Amino acid sequence: MAGDAPIFDEMNLADGAVRPAYETLARWLKTIPTDLLATRSREAEALFRRIGITFAVYGDAASTERLIPFDVIPRVLTNDEWVRLSKGLTQRVRAINAFLGDVYTKREILRAGIVPEDLVYQNPAFRPEMNQQPVPHGIYVMIAGIDIVRVDADTFYVLEDNARTPSGVSYMLENREVMIRLFPELFSQHRVAPVENYTDDLLATMKSVAPRSASSDPTCVLLTPGLFNSAYYEHTFLADKLGVELVEGRDLFVKADVVYMRTTEGPKRVDVIYRRLDDDFLDPLVFRPDSALGVPGLMSAYHAGNVTLANAVGTGVADDKAVYSYMPEIVKFYLGEEPILKNVPTWRCRAPDELKYVLDHLPELVVKEVHGSGGYGMLIGPKAAAAEIELFRHKLVKDPSNFIAQPTLALSTCPTLVEEGVAPRHVDLRPFVLTGRDKVRIVPGGLTRVALKEGSLVVNSSQGGGTKDTWVLDS
Amino acid sequence: MLSRTADNLFWLARYVERAEYLARIIEASTRLANLPSAYAGTSNEWESAVATAGCAHLFYQAHDKATRETVIDFLAFSPDNPSSIRSCFEVARTNARSVRTALTVEMWDAINAAWLELSKYRASGLNQDEHLANFLSFVKETGLRFDGSAYRTMLRSDGYWFSRLGVMIERADNTARILDVKYHVLLPGAEQVGGSLDYFQWSAILRAVSALTAYHWVYKESLKPWLVADLLILNDQMPRSLAACYESIVRNLDSLSLAYGRQGPAQRAARATRTKLESARIEDIFQSGLHEFVSDFITENNRLGAAITQQYLT
Amino acid sequence: MRIRIAHETIYSYAVPAHAVIQTLRLTPRNYEGQHVATWRIDVDQDCRLDAHEDAFGNITHTFSCTGPVQTLTVRVDGLVETSDTAGVVRGAIERFPPGLYLRGTDLTTADGEIRAYAEARERPGDRLSTLHALLDDLARDITFDKDPTHSATTAAEAFALKRGVCQDFAHIFIAAARHLNIPARYVGGYFLHADGTVDQEAGHAWAEAHVEGLGWVGFDAANGQCPTEQHIRIACGLDYLNAAPIRGSRHGGEGEFLTVKVVVDQASRQVQVQ
């Protein structure tokens, strides 16, 4: 816990010694003048601007296109650490897929009383429309982003699962490209596992889950909500690297339960849709009737088994924060294994005794809305003013099942270039896990997000977080 | 290629072309309006500028009278005018953004830079001639830069052909529109309307399609109304003539049908119009009515635009 | 009772549509209270009707036709034998445990007014009486009126107006029941008027609520009664959107004009749609 446990820095141990993974980097940091680092940092920013990597901030009318700050000092993981993490990630995503397959068909986990029925049925992300409907190859989550935090040399926690349309992978890829351009000398001194094969892995994953009625060379597309989506840049970036068409809903249509795209050469059948559009908007004949972003009839084609949606519809029920607290049980139930990656200890406010504990300890805890995301609707007890705590107390009493609480974790820190020089800042990690029919693919590393404000634990880009290149070193 | 991508490329090119044409209209009108009435006649040049830009209806909803201020504001900046230069650049950039990866960096830079630069100009500043001149040359240069970068950097495949089709359909429409509004000054017996006064109208027409120098090169004569019409309609050496536009339209549509292995109504319609332009003589056109000829052409050209949309862009 | 149904929906477009796609929920299934003797769906355009079963157990047909479509007619003809089960729905296809039907939707969210109304009628420990109290009072307090509401009107909006059509009655009933933690769902179908009126402008809708011991029981608040042999049950779901007879979308086709003719009559009499 913050306050009682020391904060773990991934480079410098408490006694001043440098952890082995960072030895070369630490030496290099000592020799390079800070103003040179700052110059390179500005060059990096210019590069990002040039390629147009921006994101839109909700509620920020003044500048709708902003750059996510990039930190030039990489975050380093050893191969051993990575092997353990990737085993845990694979296990977790397998369990998530098994859980989804079960809650939409046999519902054994509900019958066994392991996950409460209402947590699934009353969950806004649960899609009754998916009930008893087969999905191609039984895979629901092909692309997962699992948020990991570290608290000491050996302990990694899963902070959050993202099983809907996780974003950020373009930053992982662009960060590496920019680092190689700016600091070639570092890459000759370190053997850094490459990440550039991610898009090939993604394409292979997509093709592997094509419906059986597709041709041997299935047509994949990326479905975007359009220009005004905050992740539009990422959609164009990925479509480009994948070599697939970036389509909007209006580019697609359904005829006799088959999806086609409108091309200048006439209709062309589409087999796999990597969709970055939320469930609610996918098909106005099934979900929101006023959605102009979706494809009328898409769900009918999907249920007929003529198109694969990646991810499947209704996967959000698995990454909900209330369901999250059951993940250790979910792993055991389906896989009969002990979870390799731990959950952050979580109090479920729906249980009266746990609610009582939470209300008694609000100033020490982090309280989160179960369906919220992006760091909104959250109380960080130790940093909150008394009035804010009281506001949350009121919310909790009024609607306890809408909240969970967790201890304030002492997230690990990494050296980061800030105005005053190089200083430790808190980080998390989002690795991307690809699940195909043939296998699970994870490129080593992921996206490291860093809270640039001193002492801040909020790494979300919408709230002033930045990103770093993440290195997994070959041992 | 996605129909929407092709549609974006087509309209991106059309709007850039349209902006440039509007700049030329403003330029020519300013010049005419500045002449003493003994030379330019008493007609209101600003009224005819609005008509030539094809937005009279919308204009008179917003303004009672066509004056230098109201017309320049409406044609250059008004957000209420979907075809003002500002709206053209805005729509062009939106189209460009959504097909960002189908454009070359140079094309994107041309349109993005223009959009950013546009915010420096304000309607009020354009009352000064110098500012107006700077603004108009900025708009024309954007057209040149965009066109040039498309020509020099784009892969010669369907995307390029759709972009060229957009330029040529728009250009043909613009040339035809100026003829449609000004046809009366080209008619024989124009002496009644104002005799030599029309000399400046003729040169204004040529300026609006940047063909004044070309005229002298081609005809080596002083301005004659039927030769002005000949140059703008039938002379395929003159890049903005209807004949030259259709020569290019047919060529680009042929490239598409060859690449896609099939042809359709758009190819047939374009060839029919080109054949008509090839075989027409300016005397016959005047005989059977210049106005009718031009209005028919505008209708046919619109129909071709619709046929291209139908066949490829939806 | 043998009931004959003829239901015709005609779309006409001022500008012909390029393409039309629709999902129909217009096919009844058997349960103890009804047996489908004959049933037929016709679409007057060239297309294939693809049948599926949706997540709630309803039969759907999806079709798509490419234009130009000037008019489109969807026609249903059928004959159903019904019997009175005092509103209890036995032998229907159930794809979810009742617990699912506690789930809120945008159309059936209970606002403060509906919550208070529901709570005032709660008979603790007696679900059936609670539901009957709701049924009777809603039939009394809400006026049937076609004008002020439309297909996207929420329960709360209709309740504030105290007016609406059968869809609104059903949504209000469902919102109130769910607020009292009683699983409730929306049912779309047809209703044979006792007074001999056979021509109707639309189908009918009511609610079903789950009562221990009895299972699902129908409540037709618009008519202030539980469904009888005059009710034909077609589709059910969380709200209107899950059970709507037709959900469609079109490309082009500005200026849509819709005509609906529903004829529900006892089979002994002859029925013809003009």
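Here the structure is a predicted model, which is why all the values come from computation and not from measurement. Every chain is numbered from 1, with letters handed out A, B, ... down the list of sequences.
- With respect to the salt-bridge test (charged N to carboxylate O, under 4.0 angstrom), the residues D118(A) and R350(A) qualify.
- Of the atoms belonging to E117(A), it is side-chain heavy atoms, and not backbone ones, that fall under 4.5 Å from chain C.
- By the 4.0 Å N-to-carboxylate-O rule, D278(A) lies too far from R164(A) to be salt-bridged with it.
- The parts of I21(C) that come within reach of chain A are both its backbone and its side chain, each placing non-hydrogen atoms under 4.5 angstrom from that chain.
- A salt bridge between D44(C) and R75(C) is absent, with no side-chain N of the basic residue lying under 4.0 Å from a carboxylate O of the acidic one.
- Using a 4.0 Å cut-off between charged nitrogen and carboxylate oxygen, R262(A) and E245(A) do not count as a salt-bridge pair.
- The ring of Y101(C) has its center no closer than 6.0 angstrom to the ring center of H210(C).
- Between F281(A) and F287(A), the ring center distance fails the sub-6.0 Å criterion.
- In terms of heavy-atom pairs under 4.5 angstrom with chain A, the leader among Q22(C), E53(C), H52(C) is H52(C).
- A salt bridge is absent between D161(A) and K321(A): the closest approach of a Lys/Arg side-chain nitrogen to an acidic carboxylate oxygen does not fall below 4.0 angstrom.
- Taking a cutoff of 4.0 Å between a charged side-chain nitrogen and a carboxylate oxygen, R111(A) and E108(A) do not qualify as a salt bridge.
- Both the backbone and the side chain of Q122(A) come within less than 4.5 Å of a heavy atom of chain C.
- Heavy atoms of C47(C) lying under 4.5 Å from chain A are absent altogether.
- For R250(A), no part lies near chain C; criterion is any non-hydrogen pair under 4.5 Å.
- By number of non-hydrogen pairs under 4.5 angstrom with chain C, the leading residue of V120(A), N123(A), L285(A) is L285(A).
- Look at D54(C) and R25(C) and you find a salt bridge, because one of the NZ, NE, NH1 or NH2 atoms lies within 4.0 Å of a carboxylate O, short of that distance.
- H204(C) and W206(C) have tilted rings, their planes meeting at an angle from 30° to 60° on a 0 to 90° scale.
- Contact residues of residues 245-255 of chain C toward chain A are R247(C), G248(C), S249(C), H251(C) (heavy-atom distance under 4.5 Å).
- Looking at R48(C), the atoms closer than 4.5 Å to chain A (heavy atoms on both sides) all sit in the side chain, from C-beta outward.
- Per-residue heavy-atom pair counts under 4.5 Å with chain C were compared for G297(A), P128(A), P296(A), P124(A), and the maximum is reached by P128(A).
- Counting heavy-atom pairs closer than 4.5 Å to chain A, the top-ranked of the candidates L49(C), N242(C), T105(C), T66(C) is T66(C).
- Taking the six-membered ring wherever Trp is involved, the centroid distance between the rings of Y104(A) and F126(A) falls below 6.0 Å.
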